[in-house]
Structure formats: C-alpha cells, structure tokens
Amino acid sequence: MIVEEVRVRFAPSPTGSLHIGGARTALFNWLFARKYKGIFVLRLEDTDILRSTEESSQGILEGLQWLGLDWDEGPDKGDVYGPYRQSERLPIYSKYLDQLIANGQAYYCFCSNEELQQEKEAARNQKRDYKYSGCCRELSLQEAEARIKQGLHPVIRIKAPDKGITMVHDLIRGDVEFSNALLDDFIIAKSDGWPTYNFAVVVDDASMKITHVIRAEEHLSNTPKQLLIYEALGLEPPKFAHASMILAPDRSKLSKRHGATSVQEFRDEGYLPEALLNYLALLGWSSGEDRDLWTLDELIPEFSLDGISRSPAVYDIEKLTWMNGHYISNSNAERFLNLSSNQSHMQKYLSDYPREYLLQVLDLVGNRIKTLNEIPGAIQYFCEDVDSYDAKGVTKHFKKTNAVIILNSVIDIVEKAPQFEASIIEDLLRRQAEIMQLKAAELIHPTRLALSGRTNTPGLFEVMEILGREKCLQRLKKAVTYIES
RNA sequence: GGCCCCUUGGUCAAGCGGUUAAGACACCGCCCUUUCACGGCGGUAACGGGGGUUCGAGUCCCCCAGGGGUCACCA
C-alpha cells in the first residue's frame with residue numbers, strides 16, 4: 001500500500017498577533033507533520049484586505065520562529081504549491097469559480113444589501129431562521145452576464161442542496177451530522193471578485209494537497225459548507241480534526257482583558273519559548289503518560305490526534321509560570337543575559353559591569369526566578385548601591401541592641417578573611433558566632449539586610465563572595481552608620 | 001433562538017464496564033535550611049442532575065441543565 005505523504009497547514013489570518021490558541025493549533029500541526037515526516041505548510045489568509053496588515057503577517061511569522069515551529073512551505077520558502085498568501089492567488093480562485101459557474105453549480109446573485117436586509121428582517125419577524133431566498137438562482141447565465149456588462153457587480157453563490165445530510169468524519173469527534181436543510185446558497189465570492197473564506201480554504205487546501213486539516217473547534221460548523229464545495233468542485237476532501245478551544249479562566253473566550261494572549265506578550269513578559277510550547281502542548285492534549293515536562297523533540301514521537309481533548313481547556317497562567325521557572329532554572333546564565341539584554345535595566349548593568357560579573361550573579365539568582373522579567377529586580381543590589389532597607393527587616397535585625405556589635409564583628413571578618421571566598425567567610429562567621437555565643441543566624445540576617453537591603457537573597461556567603469570585599473565593607477559600614485543615626 | 005460540540009477536584013488531566021478515581025499546577029502542613037526559592041514528605045479537594053442498560057457504570061443509551069462554538073460580501 002502506498003502511504004500518502006502527510007501535508008498539514010497552519011493558516012492564520014494576519015489581522016492581529018499570534019494568539020496562543022493559534023500557536024497551539026500551529027504546534028499540533030507541526031507535531032503531526034514532524035511525526036509522520038510530512039510537510040508543514042504556512043499559509044496567510046489575507047483576503048480581508050481591510051483588516052490584514054503586513055505588520056501582523058510579520059508578527060505571526062516571528063512568533064512561530066521564536067517558538068521554533070519551522071515550516072517547510074510558506075510565503076518565504078519552498079514554493080511548490082504557492083503562492084502562500086491568499087492575496088496572491090486570485091487567478092487560482094477565479095479558475096475554480098468559473099468552473100462552478102460554467103457547470104451551473106454556482107450562480108451570480110445581484111440582490112442588493114438592502115434587499116437582503118429585508119429578507120433577514122422578515123425572517124426575524126416571523127421568528128424563523130434566515131435563509132437566502134434564492135431569487136437569483138434561476139437567472140440565466142446570459143442575463144447575468146448582460147447585467148455584469150452594464151456594470152453591476154454580483155456575488156457568486158453556490159447551489160446548496162436543501163435535503164439530506166452532510167457528514168463530517170472528524171478524527172477527534174467521530175461522525176458529526178449536519179442537516180442540509182439548514183444551509184442556504186451561501187456566498188463563495190464577494191462582489192469585488194475575491195473568494196470568501198470557505199471557498200478560499202477549500203481551493204487552497206485542495207490545491208496545496210493538504211491531507212489533514214487540524215484546526216480549532218470554531219471551524220467545525222463551517223466544515224459542512226466546505227464539504228459541499230469540495231463536492232461541487234469534484235475534489236477529494238482532506239481528513240478533518242477539530243481540537244477544542246482555549247478558554248480564559250472565567251470560561252469565556254480569551255481576549256485582551258484576560259491579560260497576555262499573544263505569544264509576543266508572553267515573550268515580553270519573560271516567558272521562554274520552550275515553556276510556552278510545553279504548556280500549550282498539554283493544554284488540550286495528553287499522551288496518556290503521567291508526565292508534565294516535555295521538550296519539542298520529545299513530543300514528536302508521542303503526539304497523536306487521539307490524545308487531543310474534545311472539551312475546551314481553561315488556561316492557567318500559574319502552571320505556565322511554574323513551567324517557566326523550571327526551564328529557567330535549567331537554563332544557563334549566558335542565555336538569560338542574551339534574552340534579557342534588551343531590557344533597559346540590563347543595558348545599564350551591561351555597560352556598568354563586566355559580562356563575567358553579571359554571569360556570576362545570574363547564575364546565583366537563576367533558579368529562584370520564574371520569569372525573565374524578574375531578573376533586574378533579583379540582581380539589583382549586585383549592580384546598584386543599597387540605599388534603603390526592608391522595613392520589617394530593620395525592626396527585626398537592626399533594632400536589636402547588639403546590632404552594631406554584630407555588624408562590626410562581621411566587618412572584622414570581612415577585613416581579615418585571607419581569601420574572600422564563600423566557604424572561608426562562612427567558616428569565619430560561624431566561628432565568630434560561637435565566640436559571641438550567638439546562633440549563626442543572628443549574624444547572618446543583619447548582614448544580609450546590610451548588604452542587600454533585603455531579608456531574602458540567595459545564600460549569603462555566595463552573595464558576599466560575588467559582591468567582593470570592598471563592597472561588603474562599604475555596605476556594612478553604611479548600615480552601621482544608618483543604625484547609629 | 002436554530003444547529004453543532006463538550007461536561008472527572010479551583011485549573012490541566014489519567015481513566016476507555018469491576019480502581020482505595022492517578023499525576024501536575026495552585027493551596028495548606030511538616031522536613032531540609034541563614035532568609036527566599038528549590039527539593040522531599042503528607043494533606044484538603046472531583047465523576048453536573050435525572051432516568052435507563054447491566055450482576056456491576058465516571059466509563060454504554062436517553063432526557064435535562066450548564067459551558068463553548070457557529071449561524072457575514074470576517075477569517
């Protein structure tokens with residue numbers, strides 16, 4: 001048996017940013033293509049000239065690249081069934097449209113917007129569903145062409161059956177029936193000559209030899225219309241798989257008011273691509289295995305359509321953030337520096353300090369942050385002077401009667417340490433605590449506060465080593481002055 | 001409103017006729033510890049409701065309810 005090459009596609013319309021729902025659809029398609037050694041096609045559905053923008057196209061491409069979802073054919077590469085922007089495919093659509101007009105499966109319709117409005121209103125008044133009356137259906141082709149010559153711009157409608165059922169064989173949901181009686185002669189080409197969505201997808205998917213259409217559930221209801229078009233055109237439809245949608249925490253459709261929804265926003269908020277990908281993969285898909293952490297490469301062999309959930313998934317930023325923290329702590333300082341170097345704080349730090357120093361700091365801080373955006377805050381006291389102290393810390397550690405004595409003894413240690421290394425400092429400090437008959441913590445806390453202004457930092461002795469003898473001394477003395485004043 | 005899809009803890013989810021109904025995030029407690037985080041251990045918490053089918057139902061069927069999607073010369 002000849003195994004057909006798998007060809008899938010991601011077909012966003014460039015009217016906004018790359019939404020996480022879209023990103024997940026792209027991911028599912030990409031995984032499917034990679035698993036079956038097939039082709040992943042990227043197609044831009046930009047026939048809505050008013051809403052499509054070049055900026056949005058670029059944003060989507062960049063978003064996919066950032067995620068690492070590479071395509072084999074698309075606007076910029078692998079032109080075998082192109083072009084891959086619908087706006088450049090008008091001749092192709094026209095050819096198919098002509099075919100349908102010629103064999104009488106579609107017809108020109110001259111009904112004006114006003115007339116259509118009236119029909120709709122009448123339907124509403126009678127509480128029945130609106131269906132196009134079909135008043136242009138019997139118009140002869142000659143008559144239609146004559147009117148076109150007069151300068152009228154008709155739409156094209158398909159002749160839809162009014163009996164029977166159209167069955168969608170969905171790979172995720174099984175067979176779904178739609179009654180044809182519900183369909184009307186819907187428009188397949190607008191009066192400006194451009195195809196409508198349902199017609200364009202069919203022509204594109206067919207002419208691009210797409211074998212599996214994996215997309216979100218919002219398209220399930222469109223599928224019977226598309227099937228009708230395939231049939232009229234005499235084309236073999238692809239297999240369909242409709243994944244469910246991603247919902248906001250309040251179970252409504254995800255929108256701007258729910259915070260970040262585009263991959264660019266997640267990137268800007270300090271999320272790593274592998275974290276977003278990992279999270280998205282698990283949102284609406286499961287391998288059945290008891291496992292949460294996956295790299296893209298690990299997902300490829302495991303991915304399968306029947307692991308895709310039928311029910312909508314509410315996305316939970318807490319879990320994404322947890323995953324991000326995981327990937328951050330497993331990443332290295334070099335990468336953080338590169339990824340965060342565009343932040344304004346980081347640029348300043350980068351110009352003020354040697355790269356090596358910043359790398360040491362990031363290394364220390366890396367496993368206790370959850371997003372890249374926490375970096376400047378987490379390393380601030382390594383790069384800027386301490387000019388205020390945490391209020392609770394002050395009452396707890398500086399207000400004690402022996403605070404100055406403690407800090408002075410630490411100053412003494414800092415001055416005398418033979419090498420300024422964490423283990424040596426720790427040794428000396430613990431010994432000092434014993435001598436003073438105090439718990440080590442009683443020296444550690446005030447010291448931490450003096451050096452960082454904070455009550456929580458990474459291990460104090462590592463912090464001291466990186467800060468260096470001079471800075472420690474200076475900050476310790478400053479704290480003593482602060483307490484005494 | 002018509003049509004379609006869906007319904008296991010707060011969230012993601014495993015389960016595919018017989019289980020003490022996994023696991024993860026979040027939350028709580030304990031341990032580790034110089035703080036925070038990490039890590040380890042433990043805990044709270046679920047089959048939307050009602051009918052069937054069956055010796056037995058979260059798993060199959062029907063009804064209801066709820067949520068979502070879709071009904072454009074948008075995609």
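The sequence lines fix the lettering, A, B, ..., with proteins before strands; numbering per chain opens at 1.
- Distance check on atom P: B:A65 versus B:G50 gives 15 Å, rounded to whole Å.
- Rounded to a whole angstrom, the distance from the C1' atom of B:C74 to that of B:A57 is 45 Å.
- Between B:U53 and B:U11, the distance separating the two C1' atoms is 34 Å to the nearest Å.
- No hydrogens or angles considered: nothing links the side chains of A:Ser452 and A:Arg448 as a donor-acceptor pair under 3.5 Å.
- Within the 4.0 angstrom heavy-atom criterion, no nucleotide atom of any strand lies near A:Gly393.
- Comparing A:Lys370 and A:Ile172 against RNA chain B, the residue whose closest nucleotide sits nearer the 5' end is A:Ile172.
- Taking the C1' atoms as reference points, B:G66 lies 10 Å from B:G49, given to the whole Å.
- To the nearest whole angstrom, the two P atoms, one in B:C38 and one in B:C28, are 12 Å apart.
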Which protein N or O atoms sit under 3.5 Å from an N or O of nucleotides 17-24 of chain B?
unit_1, atom_1, unit_2, atom_2, d
B:G23, O4', A:Asp290, OD2, 3.4
B:G23, O2', A:Asp290, OD1, 2.5
B:G23, O2', A:Asp290, OD2, 3.3
B:A24, O4', A:Asp292, OD2, 2.8
B:A24, O2', A:Asp292, OD2, 3.4
B:A24, O2', A:Lys319, NZ, 3.3
B:A24, N3, A:Lys319, NZ, 3.0

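- Of the candidates B:U35, B:U34, B:C4, B:C4 carries the atom nearest the A:Phe178 side chain, counting heavy atoms from C-beta on.
- Note on ring orientation: taking the six-membered ring where Trp is involved, the planes of A:His445 and A:His397 are parallel (angle under 30°, cut-offs 30° and 60°).
- Side chain to side chain, A:Ser304 and A:Asp306 meet the donor-acceptor criterion of an N or O pair below 3.5 Å.
- Counting heavy atoms from C-beta outward, A:Tyr271 and A:Tyr279 have side chains that stay 4.5 Å or more apart.
- Among A:Asn29, A:Asn222, A:Thr223, the one residue that satisfies the side-chain hydrogen bond (donor to acceptor under 3.5 Å, both in side chains) test with A:Arg215 is A:Thr223.
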Quiz prompt | Heavy-atom protein contacts under 4.0 Å, nucleotides 66-75 of chain B, coded B base, S sugar-phosphate only, - none | solution = -SBBS--BBB
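- The listed nucleotides are B:U34, B:G10, B:U7; the one nearest the side chain of A:Asp316 is B:G10.
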Write down the protein N/O and nucleotide N/O pairs, taken from nucleotides 57-65 of chain B, whose separation is under 3.5 Å; answer none if there are no such pairs.
none

Self-check item: A:Glu54 and A:Arg85: CA distance, side-chain angles, deciding distance, salt bridge (charged side-chain N to carboxylate O under 4.0 Å, His left out) verdict
Solution: CA-CA 11 Å; A:Glu54 184 49 33; A:Arg85 314 178 95 101; 3.2 Å; yes
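- Nucleic acid contact class of A:Glu426 (heavy atoms, under 4.0 Å, all strands): none.
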Quiz item: Where do A:Lys120 and A:Glu115 land on the salt bridge (charged side-chain N to carboxylate O under 4.0 Å, His left out) test, with the steps shown first?
Solution: CA-CA 9 Å; A:Lys120 285 180 190 174; A:Glu115 291 169 300; over 6 Å; no
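- A:Ala313 comes within 4.0 angstrom of the backbone, heavy atoms only, and of no base.
- Considering only heavy atoms from C-beta on, A:Ser87 stays 4.5 Å or farther from A:Ile49 through its side chain.
- A heavy-atom distance below 4.5 Å is not found between the side chains of A:Asp170 and A:Lys239.
- For B:A14, the OP1/OP2 oxygens have a side-chain nitrogen or oxygen of A:Ser286 closer than 4.0 Å.
- The side chain of A:Leu182 has B:C3 as its nearest neighbour among B:U35, B:C5, B:C3.
- Note: CG (A:Leu460) to P (B:A37) measures 17 Å, nearest angstrom.
- Under the salt bridge (charged side-chain N to carboxylate O under 4.0 Å, His left out) test applied with A:Asp185, the options A:Arg157, A:Arg137, A:Lys225 reduce to a single match, A:Arg137.
- Between A:Phe240 and A:His242, the ring-plane angle classifies as parallel under the 30° and 60° cut-offs.
- Side-chain N/O atoms of A:Ser244 and A:Arg310 include no donor and acceptor closer than 3.5 Å.
- If you take atom C1' in B:U8 and the same atom in B:A13, they sit 9 Å apart, rounded to whole Å.
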